[in-house]
Amino acid sequence: MQRLSTLLAFLMIAFAILLTAVISIQNITAISLQFLFFRSVEIPLGVLLAFGFSLGLILGAIIPLLTPLVRGNLRNGKQN
């Protein structure tokens, strides 16, 4: 059962990477992000999608590793 869930997770990630690549190729228009008064440089939408997807994969891999540490500290009464 563990192998099946691992295979399914890898297939989902591979499909998402493929979908991101196809969308990136089709959307080469340069855009700039704006938040309040700040504005970014113009970058292609595909590059922005690739960065966002990569950041999501990295955070999705790191956060489950950190949650046991936080739960362990809260159980022992150690709060920062």
Side-chain angles (χ1 to χ4, degrees):
M1 192 67 175
Q2 179 70 22
R3 283 184 167 173
L4 182 62
S5 63
T6 304
L7 179 66
L8 185 61
F10 278 119
L11 285 175
M12 288 172 46
I13 291 172
F15 180 73
I17 289 172
L18 179 69
L19 190 64
T20 303
V22 169
I23 292 173
S24 298
I25 291 169
Q26 292 179 353
N27 293 309
I28 202 160
T29 307
I31 63 167
S32 63
L33 299 176
Q34 185 174 355
F35 179 72
L36 296 175
F37 301 109
F38 304 106
R39 189 173 201 160
S40 70
V41 296
E42 289 191 0
I43 55 174
L45 180 61
V47 173
L48 183 65
L49 285 173
F51 280 132
F53 184 75
S54 301
L55 182 66
L57 280 178
I58 292 169
L59 288 177
I62 291 175
I63 289 176
L65 298 175
L66 296 178
T67 52
L69 296 175
V70 172
R71 288 182 185 160
N73 285 342
L74 292 177
R75 284 185 191 147
N76 294 335
K78 297 177 185 175
Q79 292 182 349
N80 294 332

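All values below come from the heavy atoms of this structure, side chains included, with hydrogens, waters and symmetry mates left out.
Summarising the geometry, atom CG belonging to Leu18 is positioned 13.5 Å from atom CD1 belonging to Ile13; distances are rounded to the nearest 0.5 Å. A distance of 11.0 Å separates OG1 of Thr20 from CD1 of Ile25, quoted to the nearest 0.5 Å.
The hydrophobic cluster containing Val47, built from Ile/Leu/Val/Met/Phe/Trp/Tyr side-chain heavy atoms closer than 4.5 Å, also comprises Phe51. In this structure, Phe38 stands alone, with no Ile, Leu, Val, Met, Phe, Trp or Tyr side-chain heavy atom under 4.5 Å from its own, directly or through other members. In this structure, Leu7 shares a hydrophobic cluster with Leu11, the cluster being traced through Ile, Leu, Val, Met, Phe, Trp and Tyr side chains under 4.5 angstrom apart.
Under the 4.5 Å side-chain contact rule for hydrophobic residues, Leu66 and Ile58 share a cluster. Taking hydrophobic clusters as Ile, Leu, Val, Met, Phe, Trp and Tyr residues chained together by side-chain heavy-atom distances below 4.5 Å, Ile31 does not share a cluster with Ile28. Leu19 and Ile17 fall into different hydrophobic clusters, where Ile, Leu, Val, Met, Phe, Trp and Tyr are joined by side-chain heavy atoms under 4.5 Å apart, directly or via other members.
The minimum heavy-atom distance linking Gln34 with Leu36 is given by the pair NE2-O, 3.8 Å.
For Ser40 (side chain) and Leu33 (main-chain N/O), a donor-acceptor pair under 3.5 Å exists by modelled atom type.
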